[in-house]
Amino acid sequence: MKENILTVDNLHVSFKTQTGKVTAVRGVNFELKKGETLAIVGESGSGKSVTAKSIMRLLPKHNTEISKGDILYGEKSLLSLSAKEITDIRGSEISMVFQDPMTSLNPTMKVGKQIMEGLQRHQNMTKAQARDRALEMLKLVGIPKAEQRLDNYPHQFSGGMRQRVVIALALACNPKVLIADEPTTALDVTIQAQILDLMKDLQQKTDTAIILITHDLGVVANMADRVAVMYGGKIVEQGTLDQIFYNPQHPYTLGLLKSMPKLNEDKGQPLLPIAGSPPTLATLGEGCAFAARCPHTMKVCHSYTPQDTEVEQGHTAACWLQDVRTPKASPGEVLGVN
Amino acid sequence: MKRYLIQRIGYMIITLFIIVTATFFLMQLLPGTPFTNPEKLTAGQMAVLNAKYGLDQPVGIQYLRYIGNLVQGDLGYSFQHEGRTVESMISSRIGPSAFIGLQALIIGAIVGMVLGIISALKHNSLFDYGSVALAVLGMSIPSFVFAALLQYYVGVKLGWLPVALWEGYSSTLLPSIALSVTVTATVARFIRSEMLEVIGQDYVITARAKGMTEKQVVVKHVIRNALIPVVTMLGPLAVSIMTGTLVIEKIFSVPGLGEQFTLSILVLDYSVIMGITIFYSALFIFVVFVVDIIYGFLDPRINFRGESA
């Protein structure tokens, strides 16, 4: 068993808004092991990005509160680090790739310089050394004519090429953890595949652990070793890729999988969407956040929050259906999956 | 680049030509002529003067003559000051105006930038609210109010600086300070909103995620990008403030161009009105042009060939 490199323990994050406190992340637990890829899946507003940004401590200080929980990098609590200490970790130990490559690079700075900045900051490199390393990174992420491209500005790159630059920038200091927040959402489908392949390839070369945040189950199937499904600020189900895709236990996970179109399905088969819409985080109280949309909801779901239950080795689901007191009928059987 | 420059200069000439034409004919619509003083001039004398300055010709001919002279760089003679060229009247008056204006611009730009930048960095703090309130006051209260206050308190009560007149460097300070209030307020507000916009950009988060310190993020990524649009604003502002403002020059008795301009309108000194208008317009057009060129150097996304790289 590989060691944990990152542990998120019972994380609660809330925002002060004009209408009151909104808790966007309400008790997230997960572990990331060296060199593995953990996919965090969920709809918009489920708390994926907030979780990711809390790890990097990139949320705006003035209206964010991490009220409970901890984030451990190795043994170190990231939440208790000073501002100086966290900037030492950002970009060198833990890096991040953002969703939109069109806006995530500084438009008035040459891309080479943007990569070099981090290197000079973290690795005490001279300008020449940093430039060499930046060049090496651009070559590594497959940018043609990298030597000339170093001195280009971001607007001279296409979207896919820019995302490659962003990845080069994130990996330049050999971080142990890479957080990729929907890295392919803004790209064309063909470019998406290239970028994912690139990330997989680089991961094998550098043994970086990846947290991949996405709402695209296809991307998950392609990339992940383990999957965490988020809903309403919580991880409702967590397990290996096979466990989640072939033996889903939470009705929400099941709903997500059923709503995907399948290649081998007959023409004219309607997609099966999950009825209703995601909950408003501001008004969520006790009970399961998914209860209102769940086809298997029981009385208990509305008044008590389900706890994580281990379904099998390394596979947990937070659903009352898993409770020993619930009469057994696996949701898979009911809905005829498998 | 070369093609762009040629095209641009062509447009500048056309613009200037339109301004000259419009001003020339608008001026003819003003009631009266430069030489209408029945108490001092006889009809015969008036006719002689009109003939001397070409005012007896039809307006069309006058216009063509004026343009003809203008093309040769000749702005003509003053109608009211015997024997003085318009050129010499402008050049003798522009100095004080430009000096006061430049000084005001420097004070305003520096103080405004500092206020605006701190304001944006301490967004929603007491400092921020305070400087926004000051900026609104500075923009909405006319500069002659500040001028009068400065004269009374700094000039008369404290006696630190001369109240008015044009006697040495110390007398340039009060008018400059009075003028700088509006500049400060405009610049502060502008920079603050530019900074806030840039702070919210994704690439600033990227810079933080790279591990840059807060200072590095602000200096290298935020301020640089926020300052680019300021150039657009400062250019034209510089022209309008350096070519003289009537009110401030009047209040402080500064022998500047603004005062001259107003005077020439009152006495219908046609050639001087035209001359100052052309001077002002040409300067303005030129500065806008220079700003656009500078912009191309500051912002790599702009290229002058009109092709996408």
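To find a chain, count down the sequence lines: A is the first, B the second, and so on, and within it residues start at 1. Everything quoted here is computed from the prediction, not taken from an experiment.
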S.K.: Check the pair B:Asp299 / A:Thr108 against side chain to side chain contact (heavy atoms under 4.5 Å, CB included), numbers first and verdict last.
M.R.: CA-CA 6 Å; B:Asp299 191 336; A:Thr108 59; 4.3 Å; yes
S.K.: Rounded at 0.5 Å granularity, tell me how far OG in A:Ser95 sits from NZ in B:Lys210.
M.R.: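 The distance works out to 10.5 Å.
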S.K.: To the nearest 0.5 angstrom, please state how far the CZ atom of B:Arg208 sits from the CE atom of A:Met56.
M.R.: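 Output value for this atom pair is 11.5 Å.
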S.K.: Side chains of B:His221 and A:Glu117: any donor to acceptor distance under 3.5 Å?
M.R.: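 A:Glu117 vs B:His221: donor-acceptor pair found between side chains.
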S.K.: Using heavy-atom distances under 4.5 Å, tell me whether A:Leu105 contacts chain B through its side chain, its backbone, both, or neither.
M.R.: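 Contact with chain B involves the backbone of A:Leu105 alone.
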S.K.: So which of A:Gln156, A:Met109, A:His155, A:Lys110 actually passes side chain to side chain contact (heavy atoms under 4.5 Å, CB included) with B:Pro300?
M.R.: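 Per the side chain to side chain contact (heavy atoms under 4.5 Å, CB included) rule, the option paired with B:Pro300 is A:His155, out of A:Gln156, A:Met109, A:His155, A:Lys110.
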S.K.: Distance alone, cut at 3.5 Å: any donor-acceptor contact between the side chains of B:Asp202 and A:Thr103?
M.R.: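 Yes, side-chain donor-acceptor contact under 3.5 Å.
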S.K.: Any chance you could measure B:Tyr203, atom OH, to A:Asp100, atom CG, to the nearest 0.5 Å?
M.R.: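 Rounded to the nearest 0.5 Å, the OH-CG separation comes out at 13.5 Å.
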S.K.: A:Ser104 and B:Thr206: which non-hydrogen atoms are nearest, and at how many Å?
M.R.: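 Reported closest heavy-atom pair: O-OG1, 2.7 Å.
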S.K.: Hey, is OH on B:Tyr11 packed in by over 12 heavy atoms from elsewhere, all under 6.0 Å?
M.R.: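 Not more than 12 within 6.0 Å, no.
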S.K.: Between atom CZ of A:Phe98 and atom CD1 of B:Ile205, what is the distance when rounded to the nearest 0.5 Å?
M.R.: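 Result: 6.0 Å between the selected atoms.
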S.K.: Between A:Gln99 and chain B, with a heavy-atom cut-off of 4.5 Å, which part of the residue counts as in contact: side chain, backbone, both or neither?
M.R.: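 The answer is neither part of A:Gln99.
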S.K.: Decide if atom CZ of B:Arg189 counts as having more than 12 heavy atoms of other residues, nucleotides or ligands within a radius under 6.0 Å.
M.R.: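 Counting other residues, nucleotides and ligands, CZ of B:Arg189 stays at 12 neighbours or fewer.
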S.K.: Measure the NZ-NZ distance between A:Lys113 and B:Lys220 for me, rounded to the nearest 0.5 Å.
M.R.: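 Rounded to the nearest 0.5 Å, the NZ-NZ separation comes to 5.5 Å.
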S.K.: Any idea which of B:Arg224, B:Glu214, B:His123 has the most non-hydrogen atom pairs under 4.5 angstrom with chain A?
M.R.: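 Ranked by heavy-atom pairs under 4.5 Å with chain A, first place is B:Arg224.
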S.K.: Would you mind checking which part of A:Leu169 comes under 4.5 Å of any heavy atom in chain B, side chain (CB onward), backbone (N, CA, C, O), both or neither?
M.R.: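 Side chain of A:Leu169 only, per the 4.5 Å heavy-atom cut-off to chain B.
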S.K.: Between the side chain of A:Arg90 and the main-chain N/O of B:Met212, is any donor-acceptor distance below 3.5 Å?
M.R.: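 Checked: no pair found.
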S.K.: I need the residue from A:Gly91, A:Gly118, A:Pro107 with the largest number of non-hydrogen atom pairs under 4.5 Å to chain B.
M.R.: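 It is A:Pro107.
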S.K.: Go through the atoms of B:Gln216 and report whether side chain, backbone, both or neither lie under 4.5 Å from a heavy atom of chain A.
M.R.: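 Just its side chain gets close to chain A.
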S.K.: Please indicate whether B:Phe286 has more than 12 foreign heavy atoms, meaning atoms of other residues, nucleotides or ligands, lying under 6.0 Å from its CZ.
M.R.: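 Atom CZ in B:Phe286 is not crowded, with 12 or fewer foreign heavy atoms closer than 6.0 Å.
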S.K.: Tell me, side chain or backbone of B:Leu298 under 4.5 Å from chain A's heavy atoms, or both, or neither?
M.R.: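 The backbone, not the side chain.
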